[in-house]
Amino acid sequence: MRGFGLSLATALVLAAGQAPAKGIDLSKPYGNKSGCINKDGQEVYAEDMLLLTDTDLVTVASACTLTDKQAKSDGSLVIKAQCEAEGEDGQSPAEFTVKQSPRSAKKLVITDADGNVMGEVSRCR
């Protein structure tokens with residue numbers, strides 16, 4: 001019985017050591033320069049605005065409300081959202097992928113469902 005307890009404890013320690021890598025944390029907003037300027041509301045107009053929060057993805061032409069977030073085994077985050085586009089009525093579904101930037105560990109890259117890069121963002125200060 002004593003050997004079983006030791007084996008169980010060893011298995012638990014090994015399993016804890018194999019915990020998945022830290023995922024993408026959106027508890028604080030990420031944006032490009034103009035996105036971070038606008039993180040508390042529209043302060044300036046910029047064609048390249050990109051802001052990602054725990055609840056929203058905002059560009060100059062659209063505002064999306066995040067409806068689901070799924071962490072993937074490669075460390076990326078797949079986000080489903082309902083988006084309103086400027087000049088259009090209603091909302092439409094969208095999907096985005098957020099990954100660590102290959103150039104900087106402090107930045108994220110956001111791509112749309114077709115794989116087009118929307119932009120690179122850093123944590124806002």
Side-chain angles (χ1 to χ4, degrees):
M1 196 51 128
R2 182 179 247 183
F4 175 76
L6 183 59
S7 296
L8 181 61
T10 302
L12 290 174
V13 169
L14 289 174
Q18 296 173 353
K22 183 181 173 205
I24 295 173
D25 177 17
L26 297 179
S27 62
K28 295 194 178 177
Y30 279 81
N32 58 12
K33 184 178 179 179
S34 55
C36 287
I37 290 170
N38 290 317
K39 75 180 187 299
D40 296 322
Q42 188 69 35
E43 294 182 31
V44 298
Y45 176 83
E47 288 287 328
D48 69 337
M49 186 175 79
L50 187 57
L51 177 66
L52 176 64
T53 71
D54 193 36
T55 58
D56 301 293
L57 175 66
V58 181
T59 71
V60 71
S62 64
C64 302
T65 301
L66 310 186
T67 58
D68 187 44
K69 293 177 268 191
Q70 296 288 327
K72 297 296 180 183
S73 60
D74 65 359
S76 65
L77 187 64
V78 175
I79 297 172
K80 292 186 181 192
Q82 287 293 319
C83 299
E84 295 178 33
E86 185 177 327
E88 294 181 14
D89 291 329
Q91 295 183 331
S92 58
E95 186 173 290
F96 308 97
T97 301
V98 180
K99 296 180 180 182
Q100 289 294 141
S101 170
R103 295 183 291 189
S104 173
K106 293 184 178 185
K107 294 184 177 187
L108 302 175
V109 175
I110 303 171
T111 57
D112 65 16
D114 296 326
N116 300 312
V117 175
M118 297 175 66
E120 195 171 74
V121 293
S122 300
R123 185 165 282 184
C124 297
R125 295 176 196 185

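We're numbering straight along the sequence, starting at 1. Everything numeric in this text was worked out from a predicted model, so none of it was measured.
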Student: Any donor-acceptor pair under 3.5 Å linking the side chain of Asn38 with the backbone of Ser34?
Tutor: yes

Student: Which heavy atom of Phe96 sits nearest a heavy atom of Ala81, and at what distance?
Tutor: CE1-CB, 4.1 Å

Student: So, the side chain of Asn32 versus the backbone of Gly119: is there a donor-acceptor pair under 3.5 Å, distance only?
Tutor: no

Student: More than 12 foreign heavy atoms under 6.0 Å from NZ of Lys39: is that the case here?
Tutor: yes

Student: Can you name the nearest heavy-atom pair linking Cys36 to Ser122, along with the distance?
Tutor: SG-O, 4.1 Å

Student: What is the minimum heavy-atom distance between Met49 and Val58, and which atoms define it?
Tutor: CE-CG1, 3.5 Å

Student: Hey, could you give me the NZ/CD distance between Lys107 and Glu120, rounded to the nearest 0.5 Å?
Tutor: 5.0 Å

Student: Could you tell me the separation between the OG atom of Ser101 and the CD1 atom of Ile110, rounded to the nearest 0.5 Å?
Tutor: 11.5 Å

Student: What pairs of residues pass the side-chain hydrogen bond (donor to acceptor under 3.5 Å, both in side chains) test when at least one of them lies in residues 88-97, not counting sequence neighbours?
Tutor: Glu84-Gln91

Student: Is there side-chain contact between Asp68 and Ile79, with at least one heavy-atom pair below 4.5 Å?
Tutor: no

Student: Could you check whether any side-chain N or O of Lys99 sits under 3.5 Å from a backbone N or O of Thr111, counting only pairs where one atom can act as donor and the other as acceptor?
Tutor: no

Student: Membership question, hydrophobic clusters at under 4.5 Å side-chain separation (ILVMFWY): are Ile24 and Val109 in the same one?
Tutor: no

Student: Return yes when atom NZ of Lys33 has more than 12 non-hydrogen atoms of other residues, nucleotides or ligands closer than 6.0 Å, and no otherwise.
Tutor: no

Student: Compare every heavy atom of Thr53 with every heavy atom of Pro29, then report the nearest pair and how far apart it is.
Tutor: CB-CG2, 3.9 Å

Student: With distance as the sole test, does Asp112 use its side chain to make a donor-acceptor pair with the main-chain N or O of Asp114 at under 3.5 Å?
Tutor: yes

Student: Would a hydrophobic clustering, with Ile, Leu, Val, Met, Phe, Trp and Tyr connected at side-chain separations under 4.5 Å, put Val121 with Val78?
Tutor: no

Student: Quick check: do Leu52 and Val98 have side-chain heavy atoms less than 4.5 Å from each other?
Tutor: yes

Student: Answer yes if the side chains of Thr59 and Ser62 hold a donor-acceptor pair under 3.5 Å, and no otherwise.
Tutor: yes

Student: Just so I know, are the side chains of Thr55 and Leu66 near enough to count as touching, which here means a heavy-atom distance under 4.5 Å?
Tutor: no

Student: In Å, rounded to the nearest 0.5 Å, how long is the span from SG of Cys83 to CG of Asp56?
Tutor: 10.0 Å

Student: Measure across Thr67 and Gln82 and return the closest heavy-atom pair with its distance rounded to 0.1 Å.
Tutor: CG2-CG, 4.0 Å

Student: Which atoms form the tightest heavy-atom contact between Lys69 and Leu26, and what is the distance?
Tutor: CD-CD1, 4.3 Å

